[in-house]
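Order of appearance sets the numbers: ligands from 1, and atoms from 1 within every ligand. Residue numbers run from 1 in the order of the sequence given.
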Amino acid sequence: MRYGLISDIHGNLEAFQASLEALSKLNIDKYLCIGDIVGYGADPKACIALVKSLEPVALVSGNHEWGVLGLLDLEYFNEYAKEAILWTKVALDKGDSDYLLSFRLIYKDDGMTLVHGTLDHPEDFNYTLDINDAYISMKLMKTSLCFVGHSHVPGIFYSEGDGIKANAAPEVKIEEDRKYVVNIGSIGQPRDGDPRASYAVFDDEKKTVEIRRVAYDIKKAQEKILKAGLPGRLASRLSLGE
Ligand code: ZN
């Protein structure tokens, strides 16, 4: 089985379409979504519809879903995010909200765990940026693989004895006796200096996880953000990957 993992789309339809086009060439059997479909970008409704059409086997909530649904105090967000959440709330209808409300905080099956933030307090939406952050989830994992999002910085972390290491490459071969925390990065607003959309593929037969990147029409996404009256910073940061 080949799984396509998507996260932090953030209403960026151009980035999402480019990612799905790239994924469609990889014989993906099932999709999994790690949250933050909405927020920041100008196409939250279209992105929700596109996620729905994939019929993902797993849907976990991000902080932006919680913000839009009123489950998270808006004081939690910075001024740009807050403005985007208020804008997104108006753009969505009841059907969209009901769909977002059906997401859970943690998804777990035999092979993998999914959480937007970290496993210790998923409702706090903490970042996984380095080995120390990844270790927090690794200690609590009941599966050998855990996929996370939220920081918009892709990275693969694996257990080594009692410790943890960062994988230098964007792909890894899964070994039986190790645990892996994989931050799949962001489709709609990457923040690792590489503006290309980031997503991941997990092949449970070949036992491989790969973080992949794809270029998209950034200019078009930026123009839509500005036209929608969203903060200019949300447009400019896309071409910088920050
Ligand atoms: Zn996000």
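Looking at T113 and T143, their side chains do bring a donor and an acceptor atom within 3.5 Å of each other.
The cationic group of K165 does not satisfy the cation-pi geometry with F157, failing either the under 6.0 Å distance to the six-membered ring centre or the 45° limit from the ring axis.
Under 2.8 Å from the Zn ion (ligand 1) lies an N/O/S atom of H10, whether from backbone or side chain. Residue H64 does not count as close to the Zn ion (ligand 1), with no N, O or S atom under 2.8 Å.
Using a 4.0 Å cut-off between a side-chain N of Lys or Arg and a carboxylate O of Asp or Glu, E242 and R233 qualify as a salt bridge.
Each of L100, L59, V38, L20 was evaluated against V51; a single residue qualifies, L59, per the side-chain contact (heavy atoms from CB on, under 4.5 Å) test.
Looking at D8, its N, O or S atom nearest to the Zn ion (ligand 1) turns out to be OD1.
Here the angle at the Zn ion (ligand 1) defined by OD2 in D36 and NE2 in H152 stands at 180°, rounded to 10 degrees.
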